[in-house]
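Have a look at the structure below, then the notes.
Everything quoted here is computed from the prediction, not taken from an experiment.
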Amino acid sequence: MCRIAGAPRTLLPLLAALLQASVEASGEIALCKTGFPEDVYSAVLPKDVHEGQPLLNVKFSNCNRKRKVQYESSEPADFKVDEDGTVYAVRSFPLTAEQAKFLIYAQDKETQEKWQVAVNLSREPTLTEEPMKEPHEIEEIVFPRQLAKHSGALQRQKRDWVIPPINLPENSRGPFPQELVRIRSDRDKNLSLRYSVTGPGADQPPTGIFIINPISGQLSVTKPLDRELIARFHLRAHAVDINGNQVENPIDIVINVIDMNDNRPEFLHQVWNGSVPEGSKPGTYVMTVTAIDADDPNALNGMLRYRILSQAPSTPSPNMFTINNETGDIITVAAGLDREKVQQYTLIIQATDMEGNPTYGLSNTATAVITVTDVNDNPPEFTAMTFYGEVPENRVDVIVANLTVTDKDQPHTPAWNAAYRISGGDPTGRFAILTDPNSNDGLVTVVKPIDFETNRMFVLTVAAENQVPLAKGIQHPPQSTATVSVTVIDVNENPYFAPNPKIIRQEEGLHAGTMLTTLTAQDPDRYMQQNIRYTKLSDPANWLKIDPVNGQITTIAVLDRESPNVKNNIYNATFLASDNGIPPMSGTGTLQIYLLDINDNAPQVLPQEAETCETPEPNSINITALDYDIDPNAGPFAFDLSLCSVTIKRNWTINRLNGDFAQLNLKIKFLEAGIYEVPIIITDSGNPPKSNISILRVKVCQCDSNGDCTDVDRIVGAGLGTGAIIAILLCIIILLILVLMFVVWMKRRDKERQAKQLLIDPEDDVRDNILKYDEEGGGEEDQDYDLSQLQQPDTVEPDAIKPVGIRRLDERPIHAEPQYPVRSAAPHPGDIGDFINEGLKSADNDPTAPPYDSLLVFDYEGSGSTAGSLSSLNSSSSGGDQDYDYLNDWGPRFKKLADMYGGGDD
């Protein structure tokens, strides 16, 4: 038999929990206070607490949803707090009979604000302590009796008894463990039974939520439940004897978690963006906002309602929009949306559960930003009725005027961009209007040249409109109009010739000084008083001249149609016309002279050289005529032999083949090989005809059987032309001049070399030569020269005593005059010391020589030289009474001596 005791009493806890939750919700809505809602949390625990065992759950009220709270325990070695407020045991320990007390802290991670709450843990009373407590009646669930055999038949169990589900509200405050029902079997009177429960929440994850006293069968919940995590638990109760044998069949126990309004509505986005065109009619859909509630959507706790709390700005009406309280659709309810006045609206939307009950429902807010989009409700308007501009004539791609407009629509959109057009005043299409994409101005531009002499001013009618048409219902005209006054500025233009080119026909052969024509230029500047002057720009053959004032063209040479400057009988000459304007301008004109041919060129034989055999057969010479004239002054030609030579007539004969060709043949049977000059008279068909005796050089040679000439020499090798001989002579003269110049140069070089060797060999002369040093040194001091030979003669020959003899009067009597050997006529200058000594001896023995202390042929070696003074003559006489000007005539080697003695007293 299955029965449930105390069924009416099961509604009392449920009603109490619902009432308590309603009161809490009401209080939270009325006044939200951040922190722990309770001052002290209490929980009843078994004697032994195990590690990781959930003990209780603390609730923290966070009115500002953006807070991030961190929990801490005052006894971190024994207890810890999870992020959801569940308190766990850190270690296993026995709970004493006295209450365990500790604190739990909640701290804001950003502001470091801190709250605390006290927790009291008490131990469950033991069996000896239970009789001392007041009896507490709880619901009992009895296992139904099994089917028993009676008289060989089965008795059917009554089906009236069905175990109803246990309803348990979520977020219960305890104390925990909280007794739910007592499960027992009718056989516990005769047997010692043990009770247990299995299933999710008991021995399956999440474990430890439901526990059962194995002896009494009391089923309890150990922690607050959360319907949003698990809405229903399905457990199975078991009864076994002490040996583990099943005594009763398992029974199913269903525990429903009753939803409490513990979750606020949450918007999917905190900021919602939408748009609506300006000028929209009431009822236009704008956007939809959506919020969700984690509570039961089928209960009042999850039924949401929307409403608009505020609108900013509140113009032109504070209620421009409304929202569907169930769907969250936002629509317009008033007219007057104007982007030019209000570009954006901000709405605060509130979502409230409990079907929008302001007393018991929880609410949340979000922001809806509605942008008023632009439509073309404002046409462009010109800032002035008339615009002015000016442009020089004949200029294109010039901006004449800037047309400015104003448009209240959103910039850089099709409703703002202006399109300009010319509606009048420009029939020939000389202007165009472009739109500046940045400023939206209209740029009036000249696209075709304008002539001041034709049009001095233009008055254009222009219109401006948007790229897209105006929105419907707009009362403004779709376009704006204005006028543009354009003044044309007169500028100095180029003179021009008409016609250009000018063609005339003239016979060639006109004599110099003949007036051909007048080339006149016109000045397009009719309103400027200017003079035009003419000059010749191009005249390849220099045949013409032009009068600078009137443009009259006269010949200065004979016109020749056969000139290489004439192409296809036409001679081109170019002339320049320049005015005196500011700035001066010029234009060119071409004169084309079509030259008519006259018979001024006699025909010539062609070819001028030919060859034939010694006998008339089998060869003959075909000839024609070359005439630089054209018909009718050229062919047909008449060919004849000159009558001046009887031999020519006897040896040759000529026959006319046609009007352009003739044939020359031997008249005799044999003519000795050689070169013959045959004069031929050729007459053209001009009026009057023109004749010419042209010489045909004919080589008569021996021929083979085929008629081919077997001689090696050709006519071309018979002689050299005059030009070739002149060129050869010029080459010979130039070659002789070069040889002569080379010989003169060699002679001058030899003379200079001989002059240098009169004193010393250049290779051994270490005084006058420039020594090349590859490093910076000290000249002679760095060279390994024997300078002992450059000492004074007194030290060189200390034992030499001059003999008594002829002595100069100005000589210093130092010692007796020595006997010097006779100086050789041509001493070898290789040894510089010998050279100096010999020169000194000669000077000492020569009474007519300059004073002994005069400078001899010594060069200045510079300061710092290891060589001493080269003069051994220290005369006491100055010799100032002598004339040394003749030293200037001795050459550059005596220049320093002349400067010292020929410069006067100094």
Output every pair passing ring-ring contact (aromatic ring centres under 6.0 Å, His included) with a member in [range], not counting sequence neighbours, ordered by first then second residue.
range	value
residues 405-442	H412-W416, F431-F458
residues 542-583	W543-Y571
residues 273-327	F321-Y345

Go through R305 and M354 one step at a time and tell me if the side chain to side chain contact (heavy atoms under 4.5 Å, CB included) criterion holds.
-> CA-CA 8 Å; R305 295 295 182 266; M354 299 294 290; over 6 Å; no
Side-chain polar contacts of residues 334-344 - donor-acceptor pairs under 3.5 angstrom, sequence neighbours left out - could you list them?
residue, atom, partner, partner atom, Å
D338, OD1, E340, N, 3.2
R339, NE, D374, OD1, 3.3
R339, NH2, K408, O, 3.0

Shortest non-hydrogen contact from V486 toward V400 |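 Minimum heavy-atom separation between V486 and V400: CG1-CG1, 3.5 Å.
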For P469, what residues pass the side-chain contact (heavy atoms from CB on, under 4.5 Å) criterion, not counting sequence neighbours?
->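 P469 satisfies side-chain contact (heavy atoms from CB on, under 4.5 Å) with no other residue.
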Between I570 and L595, is a side chain to side chain contact (heavy atoms under 4.5 Å, CB included) present by the stated rule, with each step listed?
-> CA-CA 6 Å; I570 296 177; L595 294 176; over 6 Å; no
Does a side-chain heavy-atom distance below 4.5 Å link [X] with [Y]?
X	Y	answer
L519	F497	yes
W272	L347	no
L559	T514	no
V459	V484	no
T322	I331	yes
N466	N417	no
M457	S485	yes

Under the side chain to side chain donor-acceptor pair (under 3.5 Å) test, residues paired with [X] that sit two or more places apart:
X	value
K536	D539, N542
E355	none
N572	Q592
D262	N171

Report, as yes or no, whether the 6.0 Å neighbourhood of atom [atom1] on [X] holds more than 12 heavy atoms from other residues, nucleotides or ligands.
X	atom1	result
K545	NZ	no
Q112	CD	yes
K281	NZ	no

Among all residues two or more places apart in sequence or in another chain, which pass the salt bridge (charged side-chain N to carboxylate O under 4.0 Å, His left out) test with E113?
->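 Salt bridge (charged side-chain N to carboxylate O under 4.0 Å, His left out) check on E113 returns R67.
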For D547, salt bridge (charged side-chain N to carboxylate O under 4.0 Å, His left out) partners two or more places apart = none
Can you give each donor-acceptor pair under 3.5 Å made by side-chain atoms of residues 386-399, sequence neighbours left out, with the distance rounded to 0.1 Å?
residue, atom, partner, partner atom, Å
T386, OG1, T483, OG1, 3.1
E393, OE1, F452, N, 2.8
E393, OE2, V491, N, 3.0
N394, ND2, E493, OE1, 2.7

CA sep, side-chain torsions, deciding dist, call: E278, D377, side chain to side chain contact (heavy atoms under 4.5 Å, CB included) = CA-CA 9 Å; E278 62 176 330; D377 57 346; 3.1 Å; yes
